[in-house]
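We count ligands from 1, going down the list as the structure has it; atoms in each ligand are counted the same way. Please read these numbers as outputs of a predicted model, since none were measured by experiment. Residue numbers count from 1 along this sequence.
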Amino acid sequence: MRISDPRIVAKLAEIHVELRESTALAGLTSLGIGGTTDLLRIKSHESLPDLLNLLDANHVPHKFLGGGSNLLVGDGELPWVVLQLVRPEPDVVLDGNFAHVDAAADLGRMITFCAKNDLGGMEGLIGVPGTVGGALRMNAGAYGMQIGSYVREVKLYRAAGRKIEVLRGDQISFEYRHTSFAPDDMMLAVILELPSKPFKVILEGIRICNEKRRTSQPLGQKSAGCIFKNPPGASAGRMIDELGLKGLSVGDARVSDRHANFFVNAGRASAKDMLTLIADVRERVQRTYGVSLENEVVVWNA
Ligand code: EPU
């Protein structure tokens with residue numbers, strides 16, 4: 001979608017929002033898939049209420065983009081603009097056991113920075129690509145831990161009330177790859193309370209998680225992590241593997257040979273290829289196991 005009205009363009013400049021015209025989202029997602037639209041880069045959280053009012057008043061639909069690492073975006077010209085926070089410097093400030101983190105901070109770099117300051121707990125998430133805001137919104141987890149356990153406070157833009165609010169950790173419910181945030185809430189910043197641990201001990205935990213991930217997941221390839229959530233008491237990856245579906249392809253969209261719940265873009269896969277592959281695998285699992293797999297990957301398809 002193009003913002004062509006010069007009055008909107010002028011107003012964006014006035015509220016310090018950068019307009020990047022016709023941006024290919026394939027370049028902003030870890031799958032390397034996605035069509036084009038105008039990208040609005042937000043330098044100051046405080047401009048959000050004005051920005052959202054401007055977009056609503058002009059009937060410009062929008063979506064919030066984090067790090068693009070758990071996302072499958074449709075092909076072609078997209079029917080909404082995309083909003084993304086610009087990462088401030090510094091993006092993590094420590095105060096005792098509290099880490100004040102901007103939502104645009106890179107998750108892995110945040111974990112490493114805290115580790116160097118003897119704050120641990122998040123070792124399991126090392127190697128998970130994306131921003132802290134994205135991890136927070138969907139309660140990212142791995143190796144027995146989840147980010148929600150460490151959240152003490154969240155600053156967010158709430159579309160419903162059209163304002164920036166602060167929630168305490170106990171006002172938010174964090175479940176398996178799910179939170180009580182509304183779909184149109186935008187994460188802005190978080191305070192994490194992290195346990196003190198010597199850097200060396202955290203580093204050992206990080207090393208173990210990195211090793212496990214390296215041997216079980218296709219890290220060097222373009223993917224969005226796991227495609228499906230694990231159904232209660234079962235493993236989506238194991239079921240897909242047991243059906244012999246590793247290597248199954250639609251165009252360049254392919255079930256990974258390394259981990260069957262990772263679908264990779266092995267070249268120039270389109271969203272259509274990937275969605276067809278997802279539907280095919282879901283149907284085969286349904287037929288054999290009677291289980292309807294739910295997407296873990298977020299799909300933005302027109
Ligand atoms: N398995 C197979 N074949 C495969 C893949 C897995 O047999 O192709 C078996 C494994 O041998 C193991 C079981 O299935 O016995 C579970 O596999 P794994 O330990 O790899 O964990 P997972 O349940 O597939 C989950 C998360 C990952 C996270 C890992 C490590 C989900 C959907 N996935 O994977 O998260 O990294 O545990 O904690 O919850 C993601 O969120 O995108 C993601 C990759």
K.L.:
Just to be sure I'm reading this right: ignoring hydrogens, which of Lys212, Met138, Arg177, Gln217 gets closest to atom 26 (C) of ligand 1? Compare them by their nearest heavy atoms.
P.N.:
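Residue with the shortest heavy-atom distance to the ligand atom: Arg177.
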
K.L.:
Distance alone, cut at 3.5 Å: any donor-acceptor contact between the side chains of Glu193 and Asn97?
P.N.:
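No - no donor-acceptor pair under 3.5 Å links their side chains.
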
K.L.:
Using protein heavy atoms only, decide if any is under 4.0 Å from atom 44 (C) of ligand 1.
P.N.:
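There is a protein heavy atom less than 4.0 Å from atom 44 (C) of ligand 1.
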
K.L.:
Determine whether a donor-acceptor pair (N or O, by modelled atom type, separation under 3.5 Å) exists between the side chain of Glu204 and the backbone of Val201.
P.N.:
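Answer holds: no.
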
K.L.:
Dump the intermediate steps for side chain to side chain contact (heavy atoms under 4.5 Å, CB included) on Thr112 and Ile126, then the final yes or no.
P.N.:
CA-CA 8 Å; Thr112 312; Ile126 202 78; 3.9 Å; yes

K.L.:
Taking the basic N atoms (NZ, or NE/NH1/NH2) and the acidic carboxylate oxygens, is any pair closer than 4.0 Å for Asp252 and Arg268?
P.N.:
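Result for this pair is no, no salt bridge flagged.
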
K.L.:
Has Arg282 got a side-chain atom pairing as donor or acceptor with Leu277's backbone, closer than 3.5 angstrom?
P.N.:
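Not confirmed, Arg282 side chain does not pair with Leu277 backbone.
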
K.L.:
Which atoms from ligand 1 have a heavy atom of Tyr176 less than 4.0 Å away?
P.N.:
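Ligand 1 atoms under the 4.0 Å threshold to Tyr176: 31 (C), 32 (C), 39 (O).
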
K.L.:
Glu123 and salt bridge (Lys or Arg N to Asp or Glu O under 4.0 Å): which partner among Arg207, Lys197, Arg213, Lys212?
P.N.:
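Among Arg207, Lys197, Arg213, Lys212, the one meeting salt bridge (Lys or Arg N to Asp or Glu O under 4.0 Å) with Glu123 is Lys197.
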
K.L.:
Taking the ring centre of each residue, are His62 and Phe64 less than 6.0 Å apart?
P.N.:
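For His62 and Phe64, the ring centres are under 6.0 Å apart.
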
K.L.:
Would Cys226 count as being in polar contact with ligand 1, using the rule that some N or O on each side must be under 3.5 angstrom apart?
P.N.:
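Yes - when backbone and side-chain N and O of Cys226 are compared with those of ligand 1, one distance drops under 3.5 Å.
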
K.L.:
Is the shortest N/O to N/O distance between Asn70 and ligand 1 below 3.5 Å?
P.N.:
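No, there is no polar N/O contact under 3.5 Å.
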
K.L.:
Is a salt bridge present between Lys229 and Glu296, judged by a nitrogen-to-oxygen distance below 4.0 Å?
P.N.:
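Answer for the salt bridge query: no.
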
K.L.:
Check each heavy atom of Ser235 against ligand 1 and say whether those closer than 4.0 Å belong to the side chain, the backbone, both or neither.
P.N.:
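Answer for Ser235: side chain.
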
K.L.:
Specify the protein heavy atom at minimum distance from atom 38 (O) of ligand 1: its residue, its atom name, and the distance to 0.1 Å.
P.N.:
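Ranking protein heavy atoms by distance from atom 38 (O) of ligand 1, first comes Tyr143 N, 2.7 Å.
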
K.L.:
Using protein heavy atoms only, decide if any is under 4.0 Å from atom 7 (O) of ligand 1.
P.N.:
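For atom 7 (O) of ligand 1 the answer is yes, since some protein heavy atom falls inside 4.0 Å.
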
K.L.:
Go through ligand 1 atom by atom and flag the ones less than 4.0 Å from a non-hydrogen atom of Ala260.
P.N.:
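Answer, ordered by atom number: 4 (C), 8 (O).
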
K.L.:
For atom 18 (P) of ligand 1, which protein heavy atom lies nearest, and how many Å away is it?
P.N.:
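For atom 18 (P) of ligand 1, the nearest protein heavy atom comes out as His259 NE2, 4.0 Å.
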
K.L.:
So, does Glu242 sit close enough to ligand 1 that a heavy atom of it is under 4.0 Å from the ligand?
P.N.:
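Flag not set, Glu242 not near ligand 1.
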
K.L.:
Shortest non-hydrogen contact from Pro218 to His259?
P.N.:
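Distance-wise, the nearest heavy atoms are CD-CB, 4.1 Å.
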
K.L.:
Got a sec: does the CZ of Arg2 have more than 12 other heavy atoms crowding it under 6.0 Å?
P.N.:
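Yes, the 6.0 Å shell around CZ holds more than 12 heavy atoms from other groups.
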
K.L.:
Under 4.0 Å from any heavy atom of Phe262, which atoms of ligand 1 are there?
P.N.:
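Here the atoms of ligand 1 in question are 44 (C).
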
K.L.:
Could you tell me whether some N/O pair between Arg238 and ligand 1 is separated by less than 3.5 angstrom?
P.N.:
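By distance alone, the answer is yes.
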
K.L.:
Going by distance only, is there an N or O of Lys246 that falls short of 3.5 Å from an N or O of ligand 1?
P.N.:
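Right, the criterion is met.
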
K.L.:
Regarding atom 25 (C) of ligand 1: of the candidates Thr215, Asn230, Val255, Leu125, which has the closest heavy atom?
P.N.:
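The residue whose heavy atom sits nearest atom 25 (C) of ligand 1 is Asn230.
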
K.L.:
Less than 3.5 Å between some nitrogen or oxygen of Asn261 and one of ligand 1, yes or no?
P.N.:
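Between Asn261 and ligand 1 (N or O atoms, distance only) the closest approach is not under 3.5 Å.
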
K.L.:
Examine Ala142 against ligand 1 and note whether any of their N/O atoms are separated by less than 3.5 Å.
P.N.:
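The answer is no, given that Ala142 and ligand 1 share no N or O pair closer than 3.5 Å.
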
